[in-house]
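Scroll down for the structure; my scribbles are underneath it.
All chains are named by letter (A, B, ...) in the order of the sequence lines, taking the proteins before the strands, and each is independently numbered beginning at 1.
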Amino acid sequence: MKTELFPHADSARGSALKVERASVTDPLPDKSVPVPSLSLGEKARRAVQPQVPYLTGLNLEQRRAVETLEGPLLVLAGAGTGKTRVLTTRIAHLIATGRAFPSQILAVTFTNKAAREMKERITALVGAVAEGMPWLGTFHAIGTKILRRHAELVGLKSDFAILDTDDQIRLLKQIIRAENLDDKRWPARQLAHLIDSWKNRALTPDKVSAGEAQGFANGRGAALYKLYQERLKVLNAVDFGDLLVETIRLFRENPDVLARYQDRFRYILVDEYQDTNVAQYLWLRLLAQGRQNLCCVGDDDQSIYGWRGAEVDNILRFEHDFPGAAVVRLERNYRSTAHILAAASHLIAHNEDRLGKTLHTDGAAGEPVAITGAWDSEEEARQIGEVIETLQAQAHPLSQIAVLVRISAQMREIEDRFVQLGLPYRVIGGPRFYERLEIRDALAYFRCVVSQADDLAFERIFNTPKRGLGDATLQILHAYARHAGIPLMQAARALIETEELKPKQRSTLRDLLAAFDRWSRQLETVPHTELAEIVLDESGYTTMWQNDRSPEAGGRLDNLKELIRTLEEFPDLQAFLEHVSLVMDASEGDSHERVSLMTLHAAKGLEFDTVFLPGWEEGLFPNQRALDEQGRAGLEEERRLAYVGLTRARKSARIMFASNRRIHGLWNATAPSRFIDELPEAHVEVKEAPAAFSYGNYGRSRFDQGSGAFGSTYNTPGWTRARQNSGPGFGAPTGAPPGGRRGGGHGHTIEGEIVARAAASSAFRAGDRVFHQKFGPGTVATADGNKLTIDFDKAGRKAVIDSFVKPA
DNA sequence: GAAATGCCCCTTTTT
DNA sequence: GGGGCATTTC
């Protein structure tokens, strides 16, 4: 069977598929399965050694997914069906059979964690060869790598900086203000989201439709986007979205470059394909066009990143986009008990937009999914604590228990309870290490040491710790930097030579620049970890926190120490900064004997014996906002999230809801989630709350009302949110000029900067009458380049920079 | 220029 | 319930 000589022929595929699905319960792999399109030599080799060790233990479907090597392949891998195993084995297989060198395989994951795990598992299979898999990584990491090699082709230098969300928003705010828009009414954060969503769809500024640009600043969204991109180029920086969009542009504009990568990547593998967005899809398609050896693994039922631009459509349309694609379904679940699997399957079956899979297991029935109500969210937290303590008493390892919440705001109450009980726990994906204030400050220092052109970093630490340099000083620096088209630090260098700044600021700035010069020189001579400490100490940053009396100061100092320790793992500061900008998650602490607490999103790909699922209430889960903004699609994504939550559990899943929950500090009555009604009765069990927590009749009556839900007459709860999101003031006055950028402007335009740069030598000579904003009218005494000495009528003789004076 | 106070936004999820 | 931001006050 399965002599698939023509992997692209549909008829052959169809029959192979039927055979396999019919024999799905047969656990014995067919030893005589030949690999498609092998060379004769290889066939002979395999005949001698038919059972390659790494292939043993795969079921038929998995094996087919591993061995269908040529042509496009979609592997629909349900939860717990051995997806990662298939991917890693497939790579091992490619290497072991000599079809490709590790460096010729492109393997893309969505998260760094997944990439790390895959690398480890491949190494386990084929040995250290996997170390040489330079193209295994996230979309963004690989995009960065490619972009650095060809930076000049897209108008960058190869040492471009990668901005994080924070930098991005600060930059956008500057642009919004420079355009004389009210940054209160048009928040930079909103524009950042908008630009992100455009980049997710690979839309460059000129491709943004007028309709979409309409929503922001009366149609100036696209223009602002354009300014932002121009500004990024000047700063030699990219944001996250650019790592993909710019790579696509690179490929499109340089077919020769693209051809080289198409040629290099003999086999392409993609993990979590359901999470890809349009840009990622285009990126993949460009690369796969050459050899067509694209293998995408995913599960449409676990697509939970739609809000971030992921297109379930990518996976739904795969066969259409890649004609002749083979499809393998992995439906045999090795993780959960039959009850849990049945509950999850039944729930997800309520979705309409899905390719459809039926998971099955040979495992035990186990215990039904438990459903428990609580009077309020505090009681819910107490119940979780209570049950966990019971489990703990029964020697259930805490590391095998997880609490999965819909939104991170739910965590606080649960954490509080755990702290009270002294229950060890860890929060996964919580406030990210590299996003902490003190870490970002420290990184900004390092960035400035490495590159004195990093304006955003310089701005950040310019007056941190407080050194008496305020907004006024910064404005002057900015003004000059913009005029001259130079970075802020360079502008500062010029300004300390003149008298634009007050003496105090001037000398402070001089000291700061001298310090940076010193540190930059030490890059060559001092080990980087040592240098990092020197920078933090000499800048006064460490001292600042040591003198801080606030309770968190100690923790911040610890974090800084941790940062230095992490630094040791990298050869130099540059490498470390590169890592940080792409990998925002720090090394996860030990998972020993701690309960894990995380959001449902963070839980994807993980599994635990016992899983608590609190907060299954209308409005919270499904989340009202998802419903309001995305309608049925939003609901379906929420349902997939519920499905992901349930399928994390191996042995025990406990769904919980509270009748009252505090939202924004106010108590609200809540109704049980509709998802609870969608569970199959045969596989769930409604449990009473532990007696100690049944708070008399109030709770009971509310609860009973809610639990009517288990009957068949559950309708939309009387909980319809009246709040209509009718944003204020969208009907802007019609008098505004249509989309046109304000003429004249403020000398902040890129063009302006370029012009200013070109005319670097001064337009003034001795004797000219000039006017200075601060010092008033005066006469030029001497002119040295752009540095002038002027005798002011009132202020006396001052050294100034020419861009601050106008001819009078 | 810096600290203190007061106001307003928000809260889904994250590479 | 809280954090960011602007205004106020020193």
- Message: What's the closest nucleotide to the side chain of A:S408 if the choices are B:dT13, C:dG2, B:dT15?
- Response: B:dT13

- Task: Could you state the atom-to-atom distance from CG of A:L243 to C1' of B:dT15 in whole Å?
- Result: 10 Å

- Between P of B:dT13 and CZ of A:R625, the distance in whole Å: 10 Å

- Message: So, using side-chain hydrogen bond (donor to acceptor under 3.5 Å, both in side chains) as the criterion, who are the partners of A:E459 when residues are at least two apart?
- Response: A:Q174, A:H478

Between the protein and nucleotides 6-10 of chain C, which nitrogen or oxygen pairs come in under 3.5 angstrom?
unit_1 : atom_1 : unit_2 : atom_2 : d
C:dA6  : OP1    : A:R177 : NH2    : 2.8

- Once you round it to whole Å, what is the distance between P of C:dG4 and CD1 of A:I169? 12 Å

- Report the relative orientation of the aromatic rings in A:Y305 and A:H601; use parallel for angles under 30°, tilted for 30 to 60°, perpendicular for over 60°. tilted

- Query: Do A:T276 and A:N314 have a side chain donor and acceptor closer than 3.5 Å?
  - Reply: yes

- Item | Nucleotide of B:dT13, B:dT15, B:dG1 approaching A:H601 most closely (side-chain heavy atoms) | B:dT13

- Message: Please tell me whether A:Y228 and A:D239 have a donor and an acceptor in their side chains that are separated by less than 3.5 angstrom.
- Response: yes

- OP1 or OP2 of B:dG1 less than 4.0 angstrom from a side-chain nitrogen or oxygen of A:T473, does that happen here? yes

- Task: Take atom CZ of A:R661 and atom P of B:dT11, then tell me their distance rounded to the nearest Å.
- Result: 19 Å

- Message: Can you tell me if A:T599 touches the phosphate of B:dT14, counting only side-chain N or O atoms and a distance under 4.0 Å to OP1 or OP2?
- Response: yes

- Message: Applying side chain to side chain contact (heavy atoms under 4.5 Å, CB included), can you list everything that pairs with A:D416, at least two apart in sequence or on another chain?
- Response: A:R412

With the criterion being N/O to N/O and under 3.5 Å, what pairs connect the protein with nucleotides 2-5 of chain B, and how long is each?
unit_1 : atom_1 : unit_2 : atom_2 : d
B:dA2  : OP1    : A:G468 : N      : 3.0
B:dA2  : OP2    : A:N463 : ND2    : 3.3

- Query: Base, sugar-phosphate alone, or nothing: which one does A:A141 contact when heavy atoms must sit under 4.0 Å apart?
  - Reply: nothing

- Query: Of all the nucleotides listed (B:dT15, B:dT13, C:dG2), which has the minimum atom distance to the side chain of A:R412?
  - Reply: C:dG2

- Item | Closest-nucleotide ordering on DNA chain B, the 5'-leading residue of A:F139 and A:R189 | A:R189

- Is the ring centre of A:W307 under 5.5 Å from the base ring centre of B:dT13, and are the two planes under 30° apart, so that they stack? yes

- Protein-nucleotide distance (A:M411, atom CE; C:dG1, atom P), rounded to Å: 18 Å

- Task: Identify, with sequence neighbours excluded, every residue that meets ring pair (Phe, Tyr, Trp, His ring centres under 6.0 Å) alongside A:F139.
- Result: A:W283

- Item | Reference residue A:D166; test salt bridge (charged side-chain N to carboxylate O under 4.0 Å, His left out); the match among A:R460, A:K173, A:R189 | A:R460

- Would you give the length of the straight line joining atom CG of A:D271 to atom CE of A:M118, rounded to the nearest 0.5 angstrom? 4.5 Å

- Note on the structure: Looking only at B:dT11, B:dG1, C:dG2, the nucleotide nearest the A:Q505 side chain is B:dG1

- A:E637 has an atom CD; how far is it from atom C1' of B:dT13, in whole Å? 9 Å

- Message: If I take atom CD in residue A:Q168 and atom C1' in nucleotide B:dT14, what distance separates them, rounded to the nearest angstrom?
- Response: 13 Å

- Would you kindly compare A:K502 and A:D196 by the position of their nearest DNA chain B nucleotide and give the one closer to the 5′ end? A:K502

- Query: Excluding sequence neighbours, so at least two apart, what forms ring pair (Phe, Tyr, Trp, His ring centres under 6.0 Å) with A:H350?
  - Reply: A:H346

- Message: Without decimals, in angstroms, what is the distance between A:K199 NZ and B:dT15 C1'?
- Response: 14 Å

- Would you please test A:E678 and A:R674 for salt bridge (charged side-chain N to carboxylate O under 4.0 Å, His left out) and show each step? CA-CA 7 Å; A:E678 293 173 357; A:R674 70 190 77 185; 5.9 Å; no

- Query: Which whole number of Å gives the distance between the P atom of C:dG4 and that of B:dT13?
  - Reply: 15 Å

